[in-house]
**Student:** 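Have a look at this one before I ask anything.
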Amino acid sequence: MSTFKAPKGTYDLTPPDSAKYLAVREALSAPLKNSGYGYIETPGFEDVALFSRGVGESTDIVSKEMYTLTTKGGSELALRPEGTASVLRAALEANLHKLGNLPVKLWYSGSYYRYERPQKGRYRHFSQVGAEAIGAEDPALDAELIILADQAYRTLGLQNFRILLNSLGDKECRPVYRDALQEFLRELDLDDDTRRRIDLNPLRVLDDKRPEVQKQLVGAPVLRDYLCDACKAYHEEVRDLLTAAGVVYEDDEKLVRGLDYYTRTTFEFVHDGLGSQSAVGGGGRYDGLSEMIGGPALPSVGWALGVDRTVLALEAEGVELELPSSTSVFAVPLGEEARRVLFAKVTELRRVGVAADFAFGGRGLKGAMKSANRSGARFTVVAGERDLAEGVVQLKDMESGEQQAVALDALVAEVQQKLA
Ligand code: HAM
C-alpha cells in the first residue's frame, strides 16, 4: 500500500471486477444505441449556476451535496452531480434542437459526484448511463424510455426489480396541489427542519422515512386527485403503452424524486435486494427545464441508471455475467532465443486480431504457466531451444489438456482455425 488511499466514499475498479462494470455499462446502453439515441459527452464540471437553477436550490443535491470550486480565474464551478442539466445545456449550445426533427435523442455514460454520507450503494463518486429525449411531448416517448431501461436490466439477467410510476402534474395543476399539501402539513407536529421543507419543497416531506412522520401523513392530500385533465390523459396513455408492451409497473403516488425539474411522468427502478439504497435507476419528464436554464420551451424526458447499484443488484441476485476471456493465447518462452521468436509471434497474432499475451519478466516455466492459467487463455504456446531447432512450438489446449507440436510458420493459421 502507498501512503494514499482512495478518497472517502469512493472506490477503484480493478481487474478482474472492472470487466463486470464495463459489461454492465455496455448492456445498459445497448438498447439506446439500437433506438435512435446518439452518444453525447459533456465536461465533468459546469458553471455551478446550471445546477442551482436546473436541479433546484432547495434540493439536497444542490444545497448539501455539490462539490464546488472557484478557479484561479474566478469562475464558480461544480463537479457534475447529475447529467440531465449538462446534456440539455450542451444540446442547446450546439443548437441540436434546430438541426433536424425533434425529439433530439441522446445517451451518455460517465462519472458523477455527490458529497453524500457514504454507505453501501451510496458513493461520492459513482457512474451512470443516461438517456435524454429532448423537445417532444408524447406519451410514447416516456413509455419508450421505461421499456428500454426494463429491457436493459432484463438482458443483464436482473429479475427482482420493480418499476414505480407516478405523475407529478404540470405547471397548471401542481401549484394547486402544493397549496393544499402545505395547508395540511402546517397543521402537523414536525421539527424545524421539516417545517422549513414545507415552504421550500413540500412534496419531499411525503418522502420522509421516519415512522413518526409517516404516521401523521395518513390522510394527506394526494396529487392524483389534483391532476388536471390533460395530465390525467397523458398519464393514462403512458400506462396503457407500458401495459401493451408487457412491462409491469406499480402506481406509486408517493414517488417524489430528489430533483426539482420533474413534471408529469416520474419513475424509479428499485431493487429489493439492496437495502436502503434501493433505486437502481430513475427519471421522468422535465418540460420546464430548458426555460429554467434560459432556453426555449422544450418538453423532454429521460432517465439515468446507476452502474454501481446495478452491479450490486446483480450480485444480490447471484447473477454471473458471461464475460468472455480477454486472452486467447498465452506465450511462454524458455530461453533468450525463444523470447524473441515468441514475442514476434504474439505481435503477429495480435495483428490478425487474436487476443494474445506473453510471459514477461523471464520467470521460468512454473511461474509462467501460472500466469497462463490466470489469464484464462484457451491456448498456451511453449517453446524452448530444442523446439526452435526443430522449427516447432508446443501448442497446448488448456481446456482438453492436449498438447501438439506445430510448425512455427503454421502457428498463426493453426490458432486462428482452432478458435474459429
Ligand atoms: P437520480 O435519481 O438522482 O437521477 O440518479 C439516478 C441513479 O443514479 C440512481 O437511481 C442511482 O442508481 C444512481 N445514484 C445516484 N446517486 C448515487 C450515489 N451517491 N451513489 C451511487 N449511485 C447513485 C438523476 O441523476 C437524473 N439526472 C435522472 C434523469 C435523467 N432524469 C431525467 N433524465
Side-chain angles (χ1 to χ4, degrees), residues 8-11 21 24-25 28 32 37 40 42 46 50-51 54-56 59-62 64-67 79-89 91 103-134 141-142 144-146 148-149 152-153 158 161-164 166 168 204 207 255-271 274-290 292 298-314:
K8 184 173 172 192
T10 72
Y11 63 102
Y21 284 76
V24 166
R25 279 190 199 120
L28 294 180
L32 300 168
Y37 288 76
I40 185 166
T42 64
E46 297 272 356
L50 173 68
F51 300 116
V55 176
T59 61
D60 284 354
I61 293 181
V62 168
K64 295 191 246 176
E65 297 168 0
M66 264 202 309
Y67 282 90
L79 299 187
R80 56 184 183 189
E82 64 105 42
T84 309
S86 309
V87 166
L88 186 54
R89 193 264 315 134
V104 177
K105 301 209 288 186
L106 302 166
W107 76 273
Y108 51 94
S109 170
S111 291
Y112 296 85
Y113 308 87
R114 294 183 194 174
Y115 191 74
E116 297 203 69
R117 198 166 42 78
Q119 66 179 87
K120 185 163 184 194
R122 186 163 70 191
Y123 309 106
R124 291 180 171 177
H125 165 258
F126 58 97
S127 162
Q128 291 182 341
V129 169
E132 312 292 348
I134 297 166
L141 199 54
D142 309 38
E144 165 175 290
L145 280 160
I146 297 172
L148 292 176
Y153 286 131
L158 211 59
F161 65 88
R162 295 178 291 131
I163 303 174
L164 310 180
N166 195 17
L168 290 183
R204 292 288 288 172
D207 212 20
L255 177 70
V256 263
R257 307 255 308 122
L259 305 92
D260 273 356
Y261 48 61
Y262 290 113
T263 52
R264 290 193 167 171
T265 314
T266 49
F267 51 87
E268 222 155 64
F269 288 76
V270 294
H271 193 277
L274 293 187
S276 67
Q277 303 306 309
S278 62
V280 288
R285 186 155 270 287
Y286 48 94
D287 293 339
L289 178 56
S290 176
M292 279 152 70
L298 282 172
S300 307
V301 58
W303 51 238
L305 312 183
V307 175
D308 311 74
R309 287 188 200 168
T310 302
V311 170
L312 290 174
L314 289 167

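Bear in mind the structure is a predicted one, so any value in this text is a computation, not a measurement. Both ligands and their constituent atoms are indexed starting at 1 by order of listing.
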**Student:** Note the single closest protein heavy atom to atom 20 (N) of ligand 1, along with its residue, its atom name and the distance in Å.
**Tutor:** Tyr123 N, 3.0 Å
**Student:** Could you go through Leu158 and Leu314, starting from their C-alpha distance and side-chain angles, then the distance that decides it, and tell me whether this counts as side-chain contact (heavy atoms from CB on, under 4.5 Å)?
**Tutor:** CA-CA 6 Å; Leu158 211 59; Leu314 289 167; 3.6 Å; yes
**Student:** Mark up the atoms of ligand 1 that fall under 4.0 Å of a heavy atom belonging to Leu259, in ascending order.
**Tutor:**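 The atoms of ligand 1 under 4.0 Å from a heavy atom of Leu259 are 3 (O), 4 (O).
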**Student:** Backbone, side chain, both or neither: what part of Arg124 comes under 4.0 angstrom of ligand 1, heavy atoms only?
**Tutor:** neither
**Student:** Write out the residue and atom name of the closest protein heavy atom to atom 30 (C) of ligand 1, then the distance separating them to 0.1 Å.
**Tutor:** Thr84 OG1, 2.9 Å
**Student:** Between Tyr112, Tyr261, Tyr286, flag the one that comes closest to atom 26 (C) of ligand 1 by a heavy atom.
**Tutor:**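 Ranked by closest heavy atom to atom 26 (C) of ligand 1, first place is Tyr261.
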**Student:** Taking all non-hydrogen atoms of both residues into account, name the closest pair between Glu132 and Tyr108 and its distance.
**Tutor:** OE2-OH, 2.6 Å
**Student:** Quick one: closest heavy-atom pair of Ala91 and Leu106, and the distance?
**Tutor:** CB-CD1, 4.2 Å
**Student:** Give a yes-or-no answer on whether the side chains of Glu144 and Tyr37 include a donor-acceptor pair shorter than 3.5 Å.
**Tutor:**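 Yes, Tyr37 and Glu144 have a side-chain donor paired with an acceptor closer than 3.5 Å.
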**Student:** Please write down residue, atom name and distance for the protein heavy atom closest to atom 6 (C) of ligand 1.
**Tutor:**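 Result for atom 6 (C) of ligand 1: Gln128 NE2, 3.3 Å.
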**Student:** Report the C-alpha separation of Phe269 and Ile146 in whole Å, then their side-chain angles, then the decisive distance to 0.1 Å, and conclude whether the side-chain contact (heavy atoms from CB on, under 4.5 Å) test is met.
**Tutor:** CA-CA 9 Å; Phe269 288 76; Ile146 297 172; 4.1 Å; yes
**Student:** If we set the cut-off at 4.0 Å for heavy atoms, which region of Arg122 has an atom near ligand 1: side chain, backbone, both, or neither?
**Tutor:** both
**Student:** Which heavy-atom pair separates Glu268 from Arg257 by the least distance, and what is that distance?
**Tutor:** OE2-NH1, 2.6 Å
**Student:** One residue to check: Thr310. Relative to ligand 1, which of side chain, backbone, both or neither has a non-hydrogen atom less than 4.0 Å away?
**Tutor:**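 No part of Thr310 comes within reach of ligand 1.
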**Student:** Among all protein heavy atoms in this structure, tell me which lies nearest to atom 13 (C) of ligand 1, with the distance rounded to 0.1 Å.
**Tutor:** Gly306 CA, 3.8 Å
**Student:** For ligand 1, which atoms have a heavy atom of Tyr262 less than 4.0 angstrom away?
**Tutor:**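 Here the atoms of ligand 1 in question are 26 (C), 28 (C), 29 (C), 31 (N), 32 (C).
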**Student:** Looking just at side-chain N and O atoms, do Thr84 and Tyr261 make a donor-acceptor pair shorter than 3.5 Å?
**Tutor:**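 Yes, because at least one side-chain N or O of Thr84 sits under 3.5 Å from a partner of the opposite role on Tyr261.
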**Student:** Looking at every non-hydrogen atom in both residues, tell me the closest pair between Gln277 and Arg309 and how far apart they are.
**Tutor:**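 It is OE1-NH2, 3.2 Å.
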**Student:** So which atom in Tyr286 and which in Gly284 form the shortest heavy-atom distance, rounded to 0.1 Å?
**Tutor:**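 Of all heavy-atom pairs spanning Tyr286 and Gly284, the closest is CD2-O, 3.6 Å.
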**Student:** Any heavy atom of Gly281 sitting closer than 4.0 Å to ligand 1?
**Tutor:** yes
**Student:** Should one rank Phe126, Tyr108, Phe269, Trp303 by closest heavy-atom distance to atom 18 (C) of ligand 1, which comes out on top?
**Tutor:**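 It is Phe126 whose heavy atom sits nearest to atom 18 (C) of ligand 1.
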**Student:** Just let me know how Val280 lines up against ligand 1, side chain, backbone, both or neither, with a heavy-atom cut-off below 4.0 Å.
**Tutor:** backbone
**Student:** Which protein non-hydrogen atom lies closest to atom 33 (N) of ligand 1, naming both residue and atom, and how far is it?
**Tutor:** Glu132 OE1, 2.8 Å
**Student:** To the nearest 0.5 Å, what is the distance between CZ (Phe161) and CG (Leu274)?
**Tutor:**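 Answer rounded to 0.5 Å: 12.5 Å.
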**Student:** Just to check, does Gly121 reach to within less than 4.0 Å of ligand 1 when the distance is taken from its heavy atoms?
**Tutor:**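 It does; at least one heavy atom falls under 4.0 Å.
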**Student:** For ligand 1, which atoms have a heavy atom of Glu82 less than 4.0 angstrom away?
**Tutor:**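 Once the distances to Glu82 are compared, the set is 25 (O), 26 (C), 27 (N).
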**Student:** Can you label the angle between the Tyr67 ring and the Tyr115 ring as parallel, tilted or perpendicular, going by 30° and 60°?
**Tutor:**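 Ring orientation, 0 to 90° scale: perpendicular.
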**Student:** Applying a heavy-atom cut-off of 4.0 Å, say which part of Arg257 lies close to ligand 1: side chain, backbone, both or neither.
**Tutor:** side chain
**Student:** Taking all non-hydrogen atoms of both residues, which atom of Phe126 and which atom of Asp308 are closest, and how far apart?
**Tutor:** CB-OD1, 3.3 Å
**Student:** Considering only protein heavy atoms, which is closest to atom 3 (O) of ligand 1, and at what distance to one decimal place?
**Tutor:**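 Looking at atom 3 (O) of ligand 1, the protein heavy atom closest to it is Arg114 NH2, 2.9 Å.
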**Student:** Can you report which non-hydrogen protein atom sits closest to atom 12 (O) of ligand 1, along with the distance?
**Tutor:**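 Result for atom 12 (O) of ligand 1: Ala279 O, 2.9 Å.
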